[in-house]
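Report on the structure given below.
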Amino acid sequence: MESDLNSWRWGHRLFLVLIGIIYLFLALPSLLVIPMSFGGSGALSFPPTSFSLDLYRQFFNSPVWTGSLLVSIRVAAATAVIATVIGSLAAYGLVRGRFPGQRLAGFILLSPIMLPAIVVGLGIYFYFSHLRLTGTALGLIMAHSVLTVPYVIVTVSSGLKQLDARVELAAEMMGASPLRIFTRVVMPQIRQSLIGAALFAFLISFDEVIIAWLISGNNAATLPVVMYSSLKVEVAPVIAAAATMLSAASILICAIAGLVQRKRAMDEL
Amino acid sequence: MSKSEPLLKIENLTKTYGSLRALDDVSLDIAKGEFVTLLGPSGSGKTTLLNIIAGGMEPTSGTVHLAGKDITRMPARHRGIGMVFQNFALMPHLTVFDNLAFPLQIRKVPRAEIRDRVEEVLELVRLPQVQDRKPKQMSGGQQQRIAIARALIYRPPLILMDEPLGALDKKLRQQMQLEIKRIHDGLNLSMIYVTHDQEEALVMSDRICLMGSGRIREAASPARIYSAPRSEFCADFFGATNIFKGNPDRSAAGTGLSHPHFGLIRADNLPEVPAGTELGWMVRPERLRLLSRDETADNMLAGRVSDIILSGPITQLIVDVGDGHQFNIACLTSEEVASLREHEEIRFGWSRHATIVFDGSAP
């Protein structure tokens, strides 16, 4: 018995080590960029021969890079707000409502997740060309909102399903209007889901390159688009700094989302 | 609204789901200050009826009038009815104070008055000093008191209660039954109380509406519905009973019902039915008493004890009287009863007043 348990333990440890190796293999190339970004301003090299912030200085002195960073932040923030508003209202309707065509409506709202991004991007590209919305930040915000609404719906729906519908019925019987029920009873209870959904939408928009590359053009190029374009021309060392900051921002947002979820779990105890 | 007009008037309510009739032509009047219980097994239509009164669903046909006004299709939020739910349905993100203030804020009651009324209603449910707590920091019984307070605080003319004590343990439930009764009596409120617990209905109600298959099967005061049920369904719902059949017999020996095995069972108040009609009759277990050697009673039978069940103050005896018939006798627990042995031969009897004959007209 005991030897069985022991061999199981050893097998388990071996398994964990194996997972660690695979994980390292996948993550290492990305992680290498980080020390490289603190190397000199010459060519990209690993290991870096000296430590300096030259590449970051280059980044912040270039209007192309800083401009694209600002575009990215603005687009992602606007997308997060729009997608969270639309997505959470849609989720409320889908979870609580009863209307004909409800399942179909849910399916259509979630369809951007199911289609390949390049297909969604192409569709929006042709459509927006007609409307002259390509090459504008507004067009990109709209495209990213379409892309992120499904994620908001999924996140907020799972929050709503935890709620007891009778609490809303109780509020209604006390005389509360639908708007008051949504803002005073439902929203406070799904606050963490809403924050999580908004962060998620921000992150998806901030990282997204395919649709952004199709829609944004030169006038409204986001950070990932500029990185992608600059890679095609020549591998400028400054890209390491851009990549590091992009990763840092993503990890930070994920960490915040994680903390919010954890607080929710703590509140429920 | 004239004085004699009922507070709530329900007329011919029907609710169908496809071919299922969840509610079948139900009419009911509720007077101001009355405590009415909707009692019945699950699927009897009591919850459907409550939901239609609350405004949570619309009937297929029929009307509901509250204080003379047709509210059949009025949105729930305009009805001004109070409701207490089985699972309390307090707002988990708000403190007790904010939960209680919620309906008053909707009614734009000034802050100072809200504070006074919250204190007043917490006194009423005997839970002062919990204003700053969240629902999760309180016990089930405390949460239910807050839920009741929340229904009282905006002074609705009618309060609906949907199995409000179902989530509580037995001892607490009995205590809360009396509390709700006390609050009801003190405020002269009208209440509609849904339960499947017949004991709860008997303890609390002015009137019990027993429901079954979407209809009100019987509606009467607790004393009347318990001691003179008009149907087997109703008699059976109020606990273990001895229900048999018999033919009315008005012979010289006395009026009663003749039973092929027991002979003549004496009874009062035989309904007028054509000769040969078979009627149901019953006698409640607690109306049967054990007879000593030379004691007599209007109705007397003998049998063998097949089971002795002690359940606290009451001991139940199951007695075989032959021909496959059994009687259930409820005795106060005593040394005499405790000394009985299984298979022991006993005699028992009951008064003619205790024989309840179903009139055959009730469904």
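In the text below, chain A, chain B and the rest are named by the order of the sequence lines, each starting its count at 1. Values below: every heavy atom of this structure, side chains too, minus hydrogens, waters and symmetry copies.
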What are the two closest non-hydrogen atoms of A:Glu172 and B:Ala76, and how far apart are they? OE2-CB, 3.6 Å

To check you understand the geometry: which heavy-atom pair defines the closest contact between A:Ala170 and B:Ala89, and what is its length? CB-O, 4.0 Å

For atom [atom1] of [X], is the number of surrounding heavy atoms from other residues, nucleotides or ligands below 6.0 Å larger than 12?
| X | atom1 | result |
| --- | --- | --- |
| A:Arg103 | CZ | no |
| A:Tyr23 | OH | no |
| A:Phe200 | CZ | no |
| B:Arg111 | CZ | no |
| B:Gln129 | CD | no |

Chain A contacts: which residues in residues 33-41 of chain B have a non-hydrogen atom closer than 4.5 Å to it? none

CD/B:Gln86 to CZ/A:Arg166 distance, rounded to the nearest 0.5 angstrom? 7.5 Å

Any chance you could measure A:Leu169, atom CG, to B:Arg77, atom CZ, to the nearest 0.5 Å? 13.0 Å

Chain A: which of B:His93, B:Arg150, B:Gln105 shares the most heavy-atom pairs with it under 4.5 Å? B:His93

Most contact-rich option vs chain B, by heavy-atom pairs under 4.5 angstrom, among A:Pro178, A:Pro188, A:Gly175, is A:Gly175

Chain B contact via A:Arg184 - side chain, backbone, both or neither, heavy atoms under 4.5 Å: both

Applying a strict 4.5 Å limit to non-hydrogen atoms, the region of A:Ala171 in contact with chain B is both

Non-hydrogen atoms of chain A under 4.5 Å away: do they reach the side chain of B:Leu90, the backbone, both or neither? backbone

Donor-acceptor pair, distance only, cut-off 3.5 Å: does the side chain of B:Arg107 make one with the backbone of A:Met174? yes

After noting the C-alpha distance and the side-chain angles of B:Phe85 and A:Val167, does the key distance pass the side chain to side chain contact (heavy atoms under 4.5 Å, CB included) rule? CA-CA 9 Å; B:Phe85 297 80; A:Val167 175; over 6 Å; no

